[in-house]
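Data first, discussion second: the structure below is written as structure tokens.
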Amino acid sequence: MTETSNAPRLATHPKKRLDIIVEAPIMNRLLDLLDRLAVTGYTVVPALAGRGRDGSWRRAGLVSDAGQMVMVICVLDESRVPEVLEPVYKLLSRQIGIVTVSDVAVIRREHF
Amino acid sequence: MTETSNAPRLATHPKKRLDIIVEAPIMNRLLDLLDRLAVTGYTVVPALAGRGRDGSWRRAGLVSDAGQMVMVICVLDESRVPEVLEPVYKLLSRQIGIVTVSDVAVIRREHF
Amino acid sequence: MTETSNAPRLATHPKKRLDIIVEAPIMNRLLDLLDRLAVTGYTVVPALAGRGRDGSWRRAGLVSDAGQMVMVICVLDESRVPEVLEPVYKLLSRQIGIVTVSDVAVIRREHF
Amino acid sequence: MLDLVIANLTSPIVLFFALGLAAALARSDLVVPEAVAKALALYLMMSIGFKGGASVAGHGIDARLVGAVIAGALLSFSIPWVAFQILSRTTKLPTLDAAAVAAHYGSISIVTFVAASESVRLSGLVAEGYLVAVAAVMEAPAILTALWLAQKARKKAGTGAEGDEPQGALLREILLNGSIVLLTGAFVIGWITGARGLEIVSPFLVAPFQGVLCLFLLDMGLVAGRGLRAGWRELRGPVLAFGLYMPLVGASLAALVALPLGLSAGGTALLITLAASASYIAVPAAMRLALPEARPAIYLTLSLGVTFPFNLTLGIPLYIALAEALT
Amino acid sequence: MLDLVIANLTSPIVLFFALGLAAALARSDLVVPEAVAKALALYLMMSIGFKGGASVAGHGIDARLVGAVIAGALLSFSIPWVAFQILSRTTKLPTLDAAAVAAHYGSISIVTFVAASESVRLSGLVAEGYLVAVAAVMEAPAILTALWLAQKARKKAGTGAEGDEPQGALLREILLNGSIVLLTGAFVIGWITGARGLEIVSPFLVAPFQGVLCLFLLDMGLVAGRGLRAGWRELRGPVLAFGLYMPLVGASLAALVALPLGLSAGGTALLITLAASASYIAVPAAMRLALPEARPAIYLTLSLGVTFPFNLTLGIPLYIALAEALT
Amino acid sequence: MLDLVIANLTSPIVLFFALGLAAALARSDLVVPEAVAKALALYLMMSIGFKGGASVAGHGIDARLVGAVIAGALLSFSIPWVAFQILSRTTKLPTLDAAAVAAHYGSISIVTFVAASESVRLSGLVAEGYLVAVAAVMEAPAILTALWLAQKARKKAGTGAEGDEPQGALLREILLNGSIVLLTGAFVIGWITGARGLEIVSPFLVAPFQGVLCLFLLDMGLVAGRGLRAGWRELRGPVLAFGLYMPLVGASLAALVALPLGLSAGGTALLITLAASASYIAVPAAMRLALPEARPAIYLTLSLGVTFPFNLTLGIPLYIALAEALT
Ligand SMILES: Nc1ncnc2c1ncn2[C@@H]1O[C@H](COP(=O)(O)O)[C@@H](O)[C@H]1O
Ligand SMILES: Nc1ncnc2c1ncn2[C@@H]1O[C@H](COP(=O)(O)O)[C@@H](O)[C@H]1O
Ligand SMILES: Nc1ncnc2c1ncn2[C@@H]1O[C@H](COP(=O)(O)O)[C@@H](O)[C@H]1O
Ligand code: NA
Ligand code: NA
Ligand code: NA
């Protein structure tokens, strides 16, 4: 899909991106898990509001962190997707939240 | 594209992801619309700054919500894309903002 | 990939999306660069926490902006990717951060 | 009056505004976090609402209160119409931009009101507490006039806005705007709890007020400076001039209305200031909902970058002098 | 007692809560930024912790302090068990939801405690400073009881939670919860620095306290109102009723325990209030970690939308009257 | 001096720092929201700038002010050179890391300055108000020396940084750093408005200052603790030691310079503290722009996790004793 021909001057490499939307109180456990799985990196982005099967929430309408969501973005090699996805799925199975996988291309291969 | 062969142990299912960047004062209307369209879920992420045809803005440089943007992420089935995109497009037609559609794969199909 | 057949009623157009995760103190330089490159637009999203080769960080654990990251999202035409990616890569080469490229479809072609 | 101008220009409030303005124009990275700026705005509303209400509880109501509230509503309804006529005749602004700008000038700036209250107090005058209620009442009507002007213009051009929200929902959103609710609510609470309530909240809402105002005005200066840097290109000569003389037009209308009301000199000065000031919080948000085609770069730059500094520095002493001459 | 109820209902604190509640129910866009709400919560913890510690430094410790702390822990351990039995018998809530709700009622609401402290002071009573320590001690034990109840239920149903975190890690997360740490830490610092320390921080932590509390309660009202709007559908009759009578059950248990402790009337009122109040900060966060299947829409709405307003308006005067009758 | 150390160690300020440090090391989830931490920093700058300016307005300027400002600039220019020589000889830090660390020690920590001011006051000493101006002047020169050191090193290694920003832009970014602008701006406003201005802002900027400082230091403790937990691996023996003795080197240089200046004992103590303190706000941000290859884990952990606590607890009493011995 992201053939490197798109960017003839700068080589790009296909990778996978996981977007994990998860409750804030669980975040630390998820990050610890990703650390244990030795993914090369991740970035956490705040969420302001959302709706899912378990109802809707707004950050401004919460006194505590409970119910708040964050989005954890993790770019990694396709070969590693299954071994990361499985424990992440297991951790989240009892929790509120979703996981998506998508294709991306990166420059600077050594980063991933 | 996201053949489930990528993750042999955990089945993934192809979905579409909408990213709607929209002004904060319009957000509530957009979310109400998505609720009426019965999408299964969405997540709102804050934006700090941006530039488009209508000039640039920075969150820190605003006294009011006017001019601030948020990004609404909505993962949904491909079959539902047209019926969601059309009213969203109509709502945003007079507003500042953009909409993108991309391919993702999800685990936990029952969520979408 | 994003054949317009998906949305028969509303035409979509294939574009590329750059996600640039970069340190907050560099953000202004990156945005100035994007302005000089005359990209049609971008959106900046805050990051709360992250980990990469250079260690992990949490927004809450910082007194200053140094070490904080932001994510700059830029949707643009495939034809423009190489000419934008190269100077961005050069700017970031000495910095902490990553760049990904992915496929998206947009409505409202005139925006990009 | 020169004394008043100089005292005003060297007040910490105005100097912190100038500091923010200068920092932004020089592209310093000084910034007040968004959440904090919003909290400061909440604090100001809560404080002036409460103090106004407590003062009414102390002095009692009279016919003048009702008269002043009605006068404020009339001013807010009518000033946008005047502003729109002027803009249509003297500038080439598109109709919807003109209507949006007009709405800002009919509505009010609560910070200008607060700064004027401080100056009034420094001048040894006393103002009626219920002017806070007048301020709350003046926030919204201007928006309605502007929407009506825009609708008329659209009908004429045959471009009725398709897919519009029902008018009722819009009206609710405008009237339940956070700043109106908090200002009015705090006013009522101040009224109910009176002197006893004021004593309880005073160390938080009264004593540090002016210092907090300095911090808020630092942020206003930063915002105005950034707005000017980004938006000054949009402001052609006649539009820019409008930002400077329209406050005087509003002030004159208010002066006419104030005369028969029998307000004190301080109260008259505040009513004039309200009419002369232009909104930059409630109205811009309403415009994004109701007139999205109108450009924020124009109405925000004009209101925040031109009229607000003008009122803060020269306008307020002028309005006080005018009020003293009238009463 | 009617006097007390009326004085309570017309206090600025309760009125600002009502304002927030009304604004949220009317769907106003009034909002206190999240960062600011968190800062206000930090401020309240820091202030009451410090004041409590400084007061202990002034009055010295005695056996009653130790007794009250133990009594608090016992109450926090046992109330969830009582609540769980009631819920199991009177409602159709799933077991895990019932356990989660029970945890909230065994733990405490620090804002209810603060509001009660103000009412106690207004009633001319004095309370022992160490009740702050009792409050801190009562935060966590209820969570443990609830987890034990949930585990028993799971074993019975044969659905042991697979993939659970080790219990030790969970315990650490619960005990090192930010609000417990700050409350306890500030208490110890207040104790160490005593009157000298109090004098230093007083203009920040003491004088503006009640005003800050008004702002915090405005936000609590907004949050409770939004919660009620979103979650009231989940609250069937018996569950809703539980939110109203369970405080009285907790209060009665506390009254029994308080009698032999020899606390002053003010201290007794505060201990009763602690038992009657329900958590909405520490416990919900712990429940998301430990009992993720339990639904926040139920336990948060009940605690914040039903029990908190009840305690704030009617409960506190009742508890004070009860304490006065008992001592 | 032991008295001073003990009084210092049991001050609420230091105890709240210790509380934050302990909470972070124990992995509590206690956290001060980022926006609030930034607002507290703005408040501190605004307050000390204003108070310094107002004090100069009261006491007038003299030659010593000019002398102290020049002395401060010289110290800030020269200390990084000394630090760099020491680091090159005693540690294996890469050159760019060494240059970056050196910059931090030439620049200043405004919170250390504030804490020292409080201790000076408690010791019954009085310091010249213009030392705030000296502090502002000392923020930036160290950065220039560090950049010059880095450039020299790069030239030697033949690895000129390609694609660099023009130096002018960088200089502007450094000098218009928000903390420098606000500190200087508030100083000038305090100077202009003098006692009259101070009276207006005093209930906000003066009275609650020490309490706010406690909250800020709680956050600093949390940040330092998290930094230590994440970064202590990077700190080998000689680098760690540098963080403990370098403040004393800076202090000694300042003592030499202070002697001929004729400052009061309090003023001397503050100048010494400025030289001994290490930046953790302005310089790290500048380093990310100018020397991105240098590792924040090293310079931030050293400055915030080692030198700051050292100065706060033992350094300040030492510097005051030194100043008293010298004057
Ligand atoms: N289809 C979706 N698209 C985007 N975000 C979603 C979607 N479904 C759920 N979410 C997010 O995940 C959170 C929990 O979802 P759920 O577990 O379905 O309640 C929601 O509050 C949203 O923030
Ligand atoms: N090409 C783009 N890529 C990413 N974000 C964009 C793009 N164009 C516009 N935006 C975002 O959408 C907002 C409104 O765009 P516009 O309607 O073009 O002014 C901008 O302020 C950006 O935040
Ligand atoms: N694989 C990755 N996926 C997502 N974000 C990453 C990844 N690697 C790095 N980052 C982000 O980029 C920042 C800097 O990365 P690095 O330059 O590798 O230290 C990290 O702190 C993360 O926020
Ligand atoms: Na007006
Ligand atoms: Na309880
Ligand atoms: Na130094």
Side-chain angles (χ1 to χ4, degrees), chain D residues 32-47 49-51 53-54 57 169 171-209 211-212 281-282 285-286 288-289, chain E residues 6-44 47 114-115 117-119 121-122 202-219 221-222 225-226 229:
Chain D
V32 175
E34 184 209 357
V36 175
K38 285 192 174 160
L40 294 177
L42 290 181
Y43 173 87
L44 297 185
M45 308 286 189
M46 196 171 158
S47 173
F50 199 100
K51 287 186 289 189
L171 207 70
R172 217 210 55 232
E173 283 175 308
I174 292 173
L175 286 178
L176 289 177
N177 178 284
S179 59
I180 298 179
V181 167
L182 183 51
L183 195 58
T184 315
F187 182 85
V188 171
I189 296 177
W191 196 344
I192 296 176
T193 62
R196 181 178 56 88
L198 193 61
E199 199 197 311
I200 291 178
V201 301
S202 179
F204 176 59
L205 289 183
V206 180
F209 184 79
V212 176
I281 297 188
R288 293 316 302 149
L289 284 169
Chain E
I6 289 171
N8 197 47
L9 287 179
T10 61
S11 79
I13 292 172
V14 172
L15 289 173
F16 272 106
F17 178 80
L19 175 60
L21 199 69
L25 291 176
R27 306 195 61 180
S28 163
D29 68 352
L30 182 60
V31 71
V32 175
E34 183 207 358
V36 175
K38 286 193 174 159
L40 294 177
L42 291 180
Y43 172 87
L44 297 185
S47 174
V114 165
S117 308
E118 300 295 329
S119 291
R121 219 161 40 82
L122 283 179
S202 179
F204 177 60
L205 288 182
V206 180
F209 183 80
Q210 289 175 301
V212 176
L213 193 57
C214 288
L215 182 51
F216 190 76
L217 275 157
L218 176 72
D219 184 46
L222 289 167
R226 279 193 221 103
R229 236 176 50 215

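As the structure is a computational prediction, the values presented were derived from the model and not from experiment. Chain A is the first sequence line, chain B the second, and so forth, proteins listed ahead of strands; every chain is numbered from 1.
Between E:Val36 and D:Lys38, the closest side-chain pair of non-hydrogen atoms is not below 4.5 Å. Residues D:Leu42 and E:Pro33 are in side-chain contact: their nearest non-hydrogen atoms beyond the backbone lie under 4.5 Å apart.
At a 4.5 Å heavy-atom cutoff, the contact between E:Leu218 and chain D is made by side-chain atoms alone. Contact of E:Phe16 with chain D is made through backbone and side chain together, with heavy-atom distances under 4.5 Å.
Between chain D and the residues E:Ala207, E:Ala35, E:Ala39, the most heavy-atom pairs under 4.5 angstrom are made by E:Ala207. Heavy-atom pairs under 4.5 Å with chain E were tallied for D:Leu205, D:Ile192, D:Val181; the largest tally goes to D:Val181.
Nearest approach of E:Cys214 to D:Met46, heavy atoms of both residues: CB-CE, 3.7 Å. A pairwise comparison of heavy atoms in E:Asp29 and D:Gly178 identifies OD1-N, 2.6 Å as the closest pair. Closest heavy-atom contact between D:Phe50 and E:Pro12: CE1-CB, 4.5 Å.
Between the CG atom in D:Leu176 and the CG atom in E:Leu30 there is a gap of 10.0 Å [rounded to 0.5 Å]. Taken from CD in D:Glu199 to CD in E:Gln210, the straight-line distance is 9.0 Å, to the nearest 0.5 Å. Interatomic distance, D:Arg196 CZ to E:Thr10 OG1, rounded to the nearest 0.5 Å: 4.5 Å.
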Item to check | D:Leu182/E:Leu19 under side chain to side chain contact (heavy atoms under 4.5 Å, CB included): CA gap, chis, key distance, verdict | outcome: CA-CA 8 Å; D:Leu182 183 51; E:Leu19 175 60; 4.1 Å; yes
